Protein chains: 2
Amino acid sequence: MIKETSSNAVNKAFLLKSCRINGALDIISGRWKALIIIHISENTNRFSLLKIALHSISDQTLGKQIKELEASGLIIKNIIAEVPVKVEYQLTAKGEALLPILSDLSNWSDI
Amino acid sequence: MIKETSSNAVNKAFLLKSCRINGALDIISGRWKALIIIHISENTNRFSLLKIALHSISDQTLGKQIKELEASGLIIKNIIAEVPVKVEYQLTAKGEALLPILSDLSNWSDI
DNA sequence: CAGAATCCCTTGGGATACTG
DNA sequence: CAGTATCCCAAGGGATTCTG
C-alpha cells in the first residue's frame, strides 16, 4: 500500500476538482443554456416567450435544451391546468446559484 | 427615430451581456480547455507534460486545443531555442483571471 | 400553447502516421 | 520534443411536420 503523501492528497483533490469543472461545463455549455437560464431569471419563463427572446432557436432545440436543464436540476416546470395548458419555468436554488458565476463570466470576457 | 427609453437601455445591456456570456462559453467549453488552463497554472506547462496529465488525450487534440487557447489570448507560448527545442506555455493575464471563475464553477457543481 | 417525431447536416474531437 | 496532415465518427443542433 502506498503511503498517502501530501502530494498524493493534492493530486487527488486536484483530480476531483478537474472532474467537477468538466461536469459543470458540460451542464452549461449547450449552445443556449446560459441564455435560457438568464432569461428565466428575468421572468421570460414560458416556452413561447423564450422562443421570441431567442429568436433564432427552433422548437425542437429549445425543447431539448430545456429538458437537459431540467435533468441537470437547474430549472423546474410548473404546469398550470388551464385551457389551453400553461407552463412556467423557474430556477431551482442551484440554477440561482449559477447566476453570479455567469455574471463573472460575462465581465471576464471583456478583459 | 425611437426614443431611448430606460427599457430599451436595459434590453440593450442585457443583449450585450448575453453575447458576452456566449462568447466566454465558446472560449472555455472545449472538452479539455479548462483542464489545460488549470494544469498550466500549476506548472504543467509543456506539451509532453500536458499529454501525461490528460492521459486520454491525443497529440492532435491537444495541439488543437492549445492553439485555440492561444488564439483566444488565454495562453502564450515561449519557445526556448535549445536542441531539442523546448516550449513552455504560460497563462496571460486573461487566463489568470479565469482561474477564480473556474474555481467557483467547481464549487457550484457540488451543490 | 407547449411540445414530440423524424430526418439531416455540421462540427468537435479521436486514431494513426509523419516531420523539423 | 513538439507538433502537423489526413481521415473518420459520434453527437449536438437545426428544419419540418405533427399532436394533446
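Note that these values count all heavy atoms, side chains included, but never hydrogens, waters or copies made by symmetry. Throughout, protein chains are lettered first and strands after them, A, B, ... in sequence-line order, and every chain is numbered starting at 1. All of these numbers come straight from a predicted model, not from anything done at the bench.
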Next item on the list: Mind running a 4.0 Å heavy-atom check of residues 27-40 of chain A against DNA chain C and sending the residues that fall below it, in number order?
Entry: none
Notebook entry, point to check: What salt bridge (charged side-chain N to carboxylate O under 4.0 Å, His left out) pairs are there with at least one residue in residues 73-82 of chain B, not counting sequence neighbours?
Noted result: none
Next item on the list: Please collect all ring-ring contact (aromatic ring centres under 6.0 Å, His included) contacts where either partner lies in residues 39-76 of chain A, sequence neighbours excluded, each pair once.
Entry: His39(A)-Phe14(B)
Check: To the nearest 10 degrees, how far apart in direction are the end axes of the helix from dC1(C)-dG20(D) to dG20(C)-dC1(D), each fit to five base pairs?
Finding: 50°
Notebook entry, point to check: Partners of Ser58(A) by side-chain hydrogen bond (donor to acceptor under 3.5 Å, both in side chains), sequence neighbours excluded?
Noted result: Thr61(A)
Checklist line | Path from Leu62(A) to Ile37(A) over hydrophobic side-chain contacts below 4.5 Å | finding: yes
Item checked: Residue list, side-chain hydrogen bond (donor to acceptor under 3.5 Å, both in side chains) with Asn43(B), at least two apart or on another chain -> none
Note to self: If you define the side chain from C-beta out and look only at heavy atoms, does anything of Ile101(A) sit under 4.5 Å from Ile101(B)?
What the structure shows: yes
Notebook entry, point to check: At their closest point, which heavy atom of Leu102(A) faces which heavy atom of Ile38(A), and how far apart are they?
Noted result: CD1-CG1, 4.1 Å
Check: Which residue pairs satisfy the salt bridge (charged side-chain N to carboxylate O under 4.0 Å, His left out) criterion with at least one member in residues 88-99 of chain B, sequence neighbours excluded?
Finding: none
Check: Using a heavy-atom cut-off of 4.0 Å to chain B, what are the terminal contacting nucleotides of DNA chain D, in 5' to 3' order?
Finding: dC1(D) to dT6(D)
Notebook entry, point to check: Under the side-chain hydrogen bond (donor to acceptor under 3.5 Å, both in side chains) test, which residues partner Thr44(A), sequence neighbours left out?
Noted result: none
Notebook entry, point to check: Taking side chain as C-beta onward, heavy atoms only, is Leu50(B) less than 4.5 Å from Ile57(B)?
Noted result: no
Note to self: Does anything in residues 43-64 of chain A form a salt bridge (charged side-chain N to carboxylate O under 4.0 Å, His left out)? List the pairs, not counting sequence neighbours.
What the structure shows: Lys51(A)-Asp59(A)
Show which side-chain atoms of residues 27-34 of chain B pair as donor or acceptor with protein atoms under 3.5 Å away, not counting sequence neighbours.
from: Ser29(B); atom 1: OG; to: Leu25(B); atom 2: O; distance (Å): 2.8
from: Lys33(B); atom 1: NZ; to: Glu68(B); atom 2: OE1; distance (Å): 2.6

Margin query: I need a per-nucleotide contact map over nucleotides 1-6 of chain C, read 5' to 3'. Cutoff is protein heavy atoms under 4.0 Å; write B for the base, S for backbone only, - otherwise.
Written below: SSBSBB
